[in-house]
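To keep things clear, I will list the structure first and then write my remarks on it.
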Amino acid sequence: MSAQRIVVVGAGFAGLKCVQRLERELKGELSRGEVEIVVVNPHDYMLYLPLLPQVAAGVITAQSVTVPLPRAIRTAQRLPGQVVGLDLQRKVAVVRKISEDVVDLPYDRLVIAAGSVTRQFDIPGLEEHGLGMKNLGEAAYLRDHVLSQLELANASTDPEERAARCSFVVIGGGYAGTETAACLELLTDSAMKRFPRLDPTLVKWTLVDIAPRLMPELGQRLGEEALDLLRRRGIGVRLETGVERVTDESVTLTDGSVIPTRTLVWTAGVTASPLVKMLGVELVRGRVKTGTDLRLDGYDDVFVLGDSAAIPDLTASPPGSSICPPTAQHAVRQAVVAADNVVASVRGETLREYKHHDLGLVVDLGGTQAVAHPLKLRLTGMVAQAVTRAYHLYALPLTRTRARVVFNWILHLFGGDDFIRIGFLAGRKSETSSFEETRDYLSADEMKQRSVSAS
Ligand SMILES: Cc1cc2nc3c(=O)[nH]c(=O)nc-3n(C[C@H](O)[C@H](O)[C@H](O)COP(=O)(O)OP(=O)(O)OC[C@H]3O[C@@H](n4cnc5c(N)ncnc54)[C@H](O)[C@@H]3O)c2cc1C
């Protein structure tokens, strides 16, 4: 009898935790060869996204926010590549390996944990000039870009060019955008000592959001405190304002104002991986609608979780009236339920429902500043920063990675930053679609051809 194959797509927060739990719960079946687990992920690491703003700001090195899969995964087979097609009828995932070979990977159970990509809007110039903040490449690119703007401004004799290069705009007042603006503002502030020809008052950070409040999930009072803190640090916050147009020299906002700038960071929302469109099923806000047991409607052998999934929130009032937000906290907890339900389905047992009360949010605003809302407590300042950092250390999956992060924090505290550009991304296209490889998926026609030639 051949082994039942469980294929897990993605090894991020949800995928990695799910594989680890499957390895634990199916130990017997795995050792008897009754089950095999294959995890497909383009990289050999899981990325701890919440610390990306600190990578861009140079507080932590890029390698330190990665969790090496060869250490974190014990028995599951790792297939380095990207699932570029799904055929639910044939029960096949099509994988483009990092060698560029495209192969069919049949499955008995499929777990889709492919996360999300930057949500693009139809704004002229955004695709060409907007910089993303969703992966290591983008964080490293953004750091290099910001430092190069200061260098170029320092070298320029044109006052308009100097001002534009020293003006930085971040779109999106959620936690990703707010942390990015706050952490990078500290970077440019401390970098000024290396650019003596530049007037420090030229450096301006602007955070823009269409909503009336920053980070609404923090609650009104903490959102206002964060806003107040950012404004006191000189960060311009423009609320109830959108973006109309972007060029390589300016951003035009919906209130008609034009900001001369060479830097636009786009963090205004995420949407599920383009992979989910291949399922041909109902999407809710771009994410796959699942049952409370995380199964895809009509497909008992397919589970979807994390940022890719729209899972009914059973803690909402009334239960299921909204969907779980796309956060790491939910992704990890959904992974436990998804793994248990895969095991239950393999063993013919009853599946359970996903229900998790939100534990709150922590937001690092750089240095000793933070706002945090853990377990309904409202914290600011150094206490919030201590809670924020303790939370990240608790949430990082490996002791080795935790140790690296702590070491980086200490090193940065006492040694500061050298403000150097790494340079290896110079000349690379900055578009988010190029960093996120969203153009690599197979078309419906290509999938049809594969199905015909296989039968
Ligand atoms: C800057 C930033 C800060 C954040 N801060 C916080 C925070 O403080 N708290 C919080 O709760 N959340 C935070 N989040 C959100 C959180 O990171 C996500 O909700 C979480 O990563 C979702 O987990 P996931 O497993 O669904 O996706 P991910 O962790 O993104 O993992 C998806 C994995 O799938 C892989 N993948 C994608 N497509 C394919 C494919 N076709 N084939 C194979 N593999 C594929 C990816 O390479 C990746 O490894 C932050 C996000 C960002 C960008």
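First listed ligand is number 1; within each ligand, the first listed atom is number 1. Worth knowing before you read on, the calculation uses all heavy atoms, side chains too, and leaves out hydrogens, waters and symmetry mates.
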Seminar exercise, completed: Contacts of Arg238 meeting salt bridge (charged side-chain N to carboxylate O under 4.0 Å, His left out) (sequence neighbours excluded), chain-then-number -> Asp255

Exercise. Does an N or O anywhere in Leu361 fall below 3.5 Å from an N or O of ligand 1?
Worked result: no

For this session: Give the ring-plane orientation class for His145 versus Tyr141, where under 30° counts as parallel, over 60° as perpendicular and anything between as tilted.
Result: parallel

For this session: Would you mind listing which atoms of ligand 1 come within a distance below 4.0 Å of any non-hydrogen atom of Val40?
Result: 43 (C), 44 (N)

Problem set entry | pair Arg285-Ile323: side-chain heavy atoms closer than 4.5 Å | yes

Seminar exercise, completed: Closest to atom 48 (C) of ligand 1 by heavy-atom distance, out of Thr327, Val8, Leu49, Asn41, is Asn41

For this session: For ligand 1, find out whether one of its N or O atoms is nearer than 3.5 Å to an N or O atom of Tyr441.
Result: yes

Exercise. Do any nitrogen or oxygen atoms of Gly306 come within less than 3.5 Å of a nitrogen or oxygen of ligand 1?
Worked result: no

For this session: Please identify which atoms of ligand 1 are closer than 4.0 Å to at least one heavy atom of Gln329.
Result: 11 (O)

Problem set entry | is_close_aromatic(Phe13, His330), centroid dist under 6.0 Å | no

Seminar exercise, completed: In this structure, atom 27 (O) of ligand 1 is nearest to the protein heavy atom Gly115 CA, 3.2 Å

Exercise. Between Thr267 and Ile171, does a side chain to side chain contact (heavy atoms under 4.5 Å, CB included) hold up when you go through it step by step?
Worked result: CA-CA 6 Å; Thr267 67; Ile171 312 294; 5.9 Å; no

Exercise. Pick one: which of Lys134, Glu138, Glu436 meets side-chain hydrogen bond (donor to acceptor under 3.5 Å, both in side chains) with Thr118?
Worked result: Glu436

Exercise. Nearest to atom 42 (N) of ligand 1, what protein heavy atom do you find, and at what distance?
Worked result: Val83 N, 2.8 Å

Seminar exercise, completed: A student checking ligand 1 against Pro326 at a 4.0 Å heavy-atom cut-off should list atoms 19 (O)

Problem set entry | Heavy-atom pair with the smallest gap, counting every atom of Thr401 and Ser64 | CG2-O, 3.3 Å

Seminar exercise, completed: Check: of Ala335, Gly15, Gly10, Ala113, min heavy-atom distance to atom 32 (C) of ligand 1 comes from Ala113

Exercise. Nearest to atom 15 (C) of ligand 1 by heavy atom, Phe13, Tyr175, Tyr391, Tyr45: which?
Worked result: Tyr175

For this session: State the atoms of ligand 1, each with its element, that fall below the 4.0 Å cut-off from a heavy-atom position in Val9.
Result: 42 (N), 43 (C)

Exercise. Using a distance-only test with no angle check, is there a side-chain donor-acceptor pair under 3.5 angstrom linking Arg109 and Ser345?
Worked result: yes

Exercise. Which heavy atom of the protein is the closest neighbour of atom 31 (O) of ligand 1, given with residue, atom name and distance?
Worked result: Gly12 CA, 3.1 Å

For this session: Quick one: look up the protein heavy atom nearest atom 45 (C) of ligand 1 and list residue, atom name and how far away it is.
Result: Pro42 CD, 3.9 Å

For this session: Using heavy-atom distances, let me know which of His43, Gln82, Lys17 sits nearest atom 40 (C) of ligand 1.
Result: Gln82

Exercise. Looking at atom 8 (O) of ligand 1, what's its closest protein heavy atom, distance included?
Worked result: Pro50 CB, 3.7 Å

Problem set entry | Under 3.5 Å: N/O of Ala328 near N/O of ligand 1 | yes

Exercise. With under 30° as parallel and over 60° as perpendicular, where do the rings of Tyr394 and Tyr391 fit, or are they tilted in between?
Worked result: tilted

For this session: Considering non-hydrogen atoms only, spot the tightest contact between Tyr107 and Asp87 and give its length.
Result: OH-O, 4.0 Å

Problem set entry | Contact atoms of ligand 1, heavy-atom distance to Met133 under 4.0 Å | 1 (C), 53 (C)

For this session: Please write down residue, atom name and distance for the protein heavy atom closest to atom 36 (N) of ligand 1.
Result: Ala114 O, 3.8 Å

Exercise. Looking only at distance, does Asp307 have an N or O less than 3.5 Å from an N or O of ligand 1?
Worked result: yes

Exercise. Do the side-chain N and O atoms of Ser443 and Asp445 include a donor-acceptor pair separated by under 3.5 angstrom?
Worked result: no

Exercise. Can you list the ligand 1 atoms lying under 4.0 Å from a non-hydrogen atom of Ala14?
Worked result: 25 (O)

Exercise. Is the closest heavy-atom distance from Tyr48 to ligand 1 below 4.0 Å?
Worked result: no

Exercise. Ion pair present between Asp417 and Arg143, side-chain N to carboxylate O less than 4.0 angstrom?
Worked result: yes

Problem set entry | Geometric N/O contact Ala176 with ligand 1, under 3.5 angstrom | no

Problem set entry | Ion pair check, Arg352 and Asp340, cut-off under 4.0 Å | yes

For this session: Decide whether Glu127 and Ser433 meet the rule of one side-chain donor and one side-chain acceptor closer than 3.5 Å.
Result: yes

